[in-house]
Amino acid sequence: GAVKAAANVEAKCVKLQDQLDKAMINAKEASERANRLEEEMEDLTQEMQVIMKENEQAGVDQASADASLDQINILQAEVDVLTSSLEAAEAAHSQREHQLLDDLKTSVKASASQAPPSGGVSANHELEQQVRELNRQLEAQMTVVESKTRSL
């Protein structure tokens, strides 16, 4: 009976050792799977950080683009103002030039009909100087507008 009992105990020990070996193999495999999963999680975390940085950069790029667009719109508004200012200056200049020409014609007619030639000449000379001065002012304004437009 004791030999049989000892054989039973030994069989149970062998059986338990087999179960323990299988459990150790399963534990080792589980540990390896856990390590692989941990590595995959680290890789995914790094990928997420890269994506987050790219999204952050895209946000910065979009903000920069928006700011550039705002600046372009501001500059376009300045160009529009300068253009209308130039057009107004040209119209005023043209109107003044016509007025001076009319004055010149009137002066020439008046001096031809009554005054000695020297009086008419000095009136003509004065009107011509006014026309030249207006032309100079218009040129100066156009130069300013052109340089501002180029700088935009």
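Counting from 1, the numbers follow the sequence of the chain as shown. Computed from heavy atoms alone, side chains included, the values below leave out hydrogens, waters and symmetry copies.
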Sequence neighbours excluded, the answer for side-chain hydrogen bond (donor to acceptor under 3.5 Å, both in side chains) partners of Gln99 is Asp103
Rounded to the nearest 0.5 Å, the CD atom of Gln129 sits from the CZ atom of Arg136 at a distance of 12.5 Å
message: For a side-chain contact (heavy atoms from CB on, under 4.5 Å) check, start with the C-alpha distance between Lys22 and Ile25, then their side-chain angles and the critical distance, and finish with the verdict.
response: CA-CA 5 Å; Lys22 285 180 184 174; Ile25 290 170; 5.6 Å; no
Tell me which donor-acceptor pairs under 3.5 Å the side chains of residues 64-75 have, and how far apart each pair is, sequence neighbours excluded?
from: Asp66; atom 1: OD1; to: Gln62; atom 2: NE2; distance (Å): 2.9
from: Ser68; atom 1: OG; to: Ser64; atom 2: O; distance (Å): 3.1
from: Asn73; atom 1: ND2; to: Leu69; atom 2: O; distance (Å): 3.3

Contacts of Glu42 meeting salt bridge (Lys or Arg N to Asp or Glu O under 4.0 Å) (sequence neighbours excluded), chain-then-number -> none
Checklist entry - Do Met52 and Asn55 come within less than 4.5 Å of each other through their side chains, counting heavy atoms only? => result no
(request) Kindly determine whether Gln137 and Glu133 satisfy side chain to side chain donor-acceptor pair (under 3.5 Å), including the steps that lead there. (result) CA-CA 6 Å; Gln137 288 173 3; Glu133 176 60 20; 3.1 Å; yes
Contacts of Asp21 meeting side-chain hydrogen bond (donor to acceptor under 3.5 Å, both in side chains) (sequence neighbours excluded), chain-then-number -> Gln17
Output for pair (Ser31 OG, Asn26 CG), nearest 0.5 Å, gives 12.5 Å
Distance col, row Leu100:CG vs His93:NE2, nearest 0.5 angstrom, shows 9.0 Å
query: Do Leu134 and Leu138 have side chains that get closer than 4.5 Å, going by heavy atoms?
result: no
Between the CZ atom in Arg96 and the CG atom in Asn135, the distance rounded to the nearest 0.5 Å is 12.0 Å
Quick one about Asn35 and Glu39 (side-chain donor to acceptor, distance below 3.5 Å, no hydrogens or angles considered), yes or no? no
- Side chain of Thr45, backbone of Met41: donor and acceptor closer than 3.5 Å? yes
Contacts of Asp102 meeting side-chain hydrogen bond (donor to acceptor under 3.5 Å, both in side chains) (sequence neighbours excluded), chain-then-number -> none
### Query
Taking Ser85 for the side chain and Val81 for the main chain, is one N or O donor matched with an acceptor at less than 3.5 Å?
no
CE of Met142 to CD of Glu90, rounded to nearest 0.5 Å, is 5.0 Å
message: When you compare the side chain of Arg33 with that of Arg36, does any pair of heavy atoms fall below 4.5 Å?
response: yes
Should we count CD of Glu32 as having more than 12 external heavy atoms under 6.0 Å?
-> yes
Residues at least two apart in sequence or cross-chain that pass side-chain hydrogen bond (donor to acceptor under 3.5 Å, both in side chains) with Glu139, listed by chain then number, are none
